[in-house]
Amino acid sequence: KQKLGVLCSGRGTDLQSIIDAIGRGEVNAEIAVVLADKPEAFALERAKKAGIKAVCVNRKQYDGREPFEKALIAELEEAGVTLVVLAGFMRILTPVFVHHFAGRIMNIHPALLPSFPGAHAHRDVLAYGVKVSGCTVHFVDEGTDSGPIILQAAVPVLDGDTEETLGARVLEQEHIIYPQAIQLYCEGRLQVDGRQVRILD
Ligand code: 3YE
């Protein structure tokens, strides 16, 4: 059984969708630890409420990325984590972290990659005027939002959408496809071949 380490920075609604999917028996994994990079991340409360170990590795208390990531790695290894799940985690990971968990890190991005990478996807989507957006689950590599794509879901962009209304529509899909992608990994059904991720029967 895979042991997940979920990294968060915010409200933790994607984390909650994973907790709930495990509870319904739709994801056959265990969340070994939830880590946040700031103490006010509500994800920490969600984890504790679900009886999951929750630790703040406060970025502000570290002098530079490498010591911060070493601390993350230490927590993940102590918990025996086999798959790292970024769920609204707002930090770029350096090659040190990416190589430590090579091929074992997933992220969800709230747009249809390779369009609109980065920290302000909904704002960028609305500014560009595209009519379709969505979300993307991908493996994490050394680039930002550039790794092999596992699953995507599309939603319409509607007249009068704000970052909030579009974000809520995309979030509904995030809560469906992130647990699905994690379960596919847990079943050993994701075969990565360069950029292509094949989903095995
Ligand atoms: N790291 C790698 N590859 C990826 N992290 C995320 C995805 C992903 C990844 O595919 N290697 C915004 C983060 C963007 C940003 O620039 N953050 C700053 C700090 C901002 C602050 O001070 O709060 C930074 O330097 O990390 C997760 C999504 C990252 C989204």
Side-chain angles (χ1 to χ4, degrees), residues 4-18 31 33-44 47 55-76 81 83-128 133-153 163 166-167 170-171 173-175 177-179 181-182 184-185 190 192 194-197:
L4 312 183
V6 185
L7 273 55
C8 305
S9 299
R11 292 178 292 167
T13 70
D14 285 327
L15 166 67
Q16 191 68 54
S17 76
I18 298 163
I31 302 179
V33 68
V34 170
L35 303 180
D37 65 341
K38 48 180 74 137
E40 65 271 23
F42 188 68
L44 292 168
V55 178
C56 178
V57 179
N58 191 344
R59 176 66 180 82
K60 287 191 177 147
Q61 294 182 346
Y62 293 88
D63 182 22
R65 283 173 196 265
E66 300 240 334
F68 169 66
E69 291 191 353
K70 290 243 161 69
L72 291 178
I73 291 168
E75 290 290 347
L76 294 167
V81 165
L83 176 66
V84 177
V85 175
L86 309 186
F89 183 69
M90 295 309 286
R91 298 277 167 190
I92 305 295
L93 296 165
T94 75
V96 170
F97 189 101
V98 173
H99 290 159
H100 189 95
F101 290 103
R104 299 185 293 140
I105 313 170
M106 277 185 199
N107 181 47
I108 190 157
H109 179 73
L112 292 176
L113 293 172
S115 291
F116 310 110
H120 307 288
H122 301 310
R123 191 176 81 191
D124 297 344
V125 160
L126 292 171
Y128 201 94
S133 190
C135 49
T136 303
V137 181
H138 63 92
F139 284 112
V140 166
D141 66 12
E142 291 182 29
T144 303
D145 300 329
S146 62
I149 290 172
I150 302 167
L151 290 177
Q152 293 185 301
E163 288 183 53
L166 174 61
V170 171
L171 202 54
Q173 298 303 313
E174 295 180 37
H175 297 164
I177 69 168
Y178 214 178
I182 293 164
L184 287 169
Y185 182 92
L190 298 179
V192 182
R195 283 217 55 84
Q196 272 65 46
V197 180

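Values below: all heavy atoms of this structure, side chains included; hydrogens, waters and symmetry mates excluded. Just so you know, ligand 1 is whichever comes first in the structure, and atom 1 is the first atom listed for that ligand.
Between the side chain of T136 and the backbone N or O of Q152, no donor-acceptor pair lies under 3.5 Å. D14 contributes no side-chain N or O that, together with a main-chain N or O of A87, makes up a donor-acceptor pair within less than 3.5 Å. Remark: the backbone N or O of L126 is not paired with any side-chain donor or acceptor of R123 at under 3.5 angstrom.
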TODO: Apply side chain to side chain contact (heavy atoms under 4.5 Å, CB included) to L86 and I108, showing your working.
DONE: CA-CA 7 Å; L86 309 186; I108 190 157; over 6 Å; no
TODO: Could you check V140 against M106 for side chain to side chain contact (heavy atoms under 4.5 Å, CB included), going step by step and ending with a plain yes or no?
DONE: CA-CA 6 Å; V140 166; M106 277 185 199; 6.0 Å; no
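Set against the non-hydrogen atoms of F89, the atoms of ligand 1 under 4.0 Å away are 27 (C), 28 (C), 29 (C). Near A119, the atoms of ligand 1 lying under 4.0 angstrom from a non-hydrogen atom of the residue are 12 (C). Taking every non-hydrogen atom of H138 and a distance limit under 4.0 Å, the qualifying atoms of ligand 1 come out as 10 (O). Short contacts between ligand 1 and E142, defined as distances under 4.0 Å to a heavy atom of the residue, involve ligand atoms 11 (N). Listed by number with element, the atoms of ligand 1 under 4.0 Å from a non-hydrogen atom of G143 are 2 (C), 3 (N), 4 (C), 10 (O), 11 (N).
For R104, the CZ atom sits in a packed shell: over 12 heavy atoms of surrounding residues, nucleotides or ligands are nearer than 6.0 Å.
Note on R91 versus D37: salt bridge recorded, some NZ/NE/NH1/NH2 to OD/OE distance being below 4.0 Å.
The shell of residues lying under 4.0 angstrom from ligand 1, judged by heavy atoms, excludes H109. Using a 4.0 angstrom heavy-atom cutoff, G147 does not count as in contact with ligand 1.
Side chains of E174 and S17: no donor on one and acceptor on the other come within 3.5 Å. Side-chain N/O atoms of E142 and H99 include a donor and acceptor closer than 3.5 Å.
Rounded to the nearest 0.5 Å, atoms NE2 (H120) and CD (E163) are 9.0 Å apart.
Residue R65 touches ligand 1 through its side chain alone, judged by heavy-atom distances below 4.0 Å. Contacts of D141 with ligand 1, taken as heavy-atom pairs under 4.0 Å, involve the backbone alone. For N107, every heavy-atom contact with ligand 1 shorter than 4.0 Å involves the side chain, none the backbone. Under 4.0 Å from ligand 1, not a single heavy atom of R59 appears.
Looking at atom 30 (C) of ligand 1, its nearest protein heavy atom turns out to be M90 CE, 4.0 Å. Nearest to atom 1 (N) of ligand 1 among the protein's heavy atoms is L93 N, 2.9 Å.
Checked by distance only, ligand 1 and L86 stay at 3.5 Å or farther apart across all their nitrogen or oxygen atoms. Residue contacts with ligand 1: R91 is placed with a nitrogen or oxygen under 3.5 Å of a nitrogen or oxygen of the ligand (distance criterion only).
Checking D37, D145, L7, V140 against atom 10 (O) of ligand 1, the nearest heavy atom belongs to D145. Taking all heavy atoms of I92, I105, I108 into account, the minimum distance to atom 16 (O) of ligand 1 is reached by I92.
Between Y128 and F116, the ring planes are perpendicular. Angles over 60° get that label, and only those under 30° would be called parallel.
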